[in-house]
Amino acid sequence: MNTRQSLTIALAFAAFASAGAASAAPTSQEEWFGSEPAVQGAPLSRAEVAADLALWNRAGLGHSMEGERNAIADPAYATRLAEYRRLRSGPEYVAEVRRQGGNASAVAGQPSAAGGN
């Protein structure tokens with residue numbers, strides 16, 4: 001193979017590679033992240049986030065991802081997750097938000113909190 005053939009092959013490869021890279025590169029934020037926002041609804045207060053974490057830990061999920069074992073495959077994980085969801089959707093969440101110093105009447109996602117319970 002002579003120098004001219006090598007140069008032709010190199011240029012063809014470079015043109016092919018740059019065309020492929022240009023078509024594969026995302027052109028908008030929607031292609032990277034999707035058209036829907038990641039978070040919907042009112043933002044959570046600091047007390048709501050702290051309350052959520054406290055209930056997560058109370059349900060026993062705080063240490064479920066530690067270690068070499070796959071926690072999601074553990075049958076007890078489903079039980080702990082159900083307990084967390086029960087706590088998070090019940091009056092325990094409002095009580096925990098109050099304990100964390102938050103305004104329980106403005107708790108996001110808790111219609112019973114607005115009624116003064």
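Values in this document were obtained by computation on a predicted structure and should not be read as measured data.
Surrounding CZ of Arg86 are more than 12 heavy atoms belonging to other residues, nucleotides or ligands, all under 6.0 Å away.
Residue Gly101 comes nearest to Ala47 through the heavy atom pair C-CB, 4.3 Å, listed as atom of the first residue, atom of the second, then distance. Heavy atoms only, all atoms of each residue included: Val49 and Leu44 are closest at CG2-CB, 3.9 Å. The shortest heavy-atom contact between Tyr84 and Leu61 is CB-CD1, 3.6 Å. Listed here is the closest heavy atom pair of Leu87 and Glu92: CD2-CG, 3.6 Å.
A salt bridge does not link Glu83 to Arg58: none of the charged side-chain nitrogens sits closer than 4.0 Å to a carboxylate oxygen.
Partner of Glu48 under the side-chain contact (heavy atoms from CB on, under 4.5 Å) criterion, chosen from Leu53, Val94, Val97: Val97.
Taking Arg99 as the reference, Glu96 meet the side chain to side chain donor-acceptor pair (under 3.5 Å) condition, with sequence neighbours excluded. Scanning for side-chain contact (heavy atoms from CB on, under 4.5 Å) contacts around Ala50 gives Gln100, with sequence neighbours left out.
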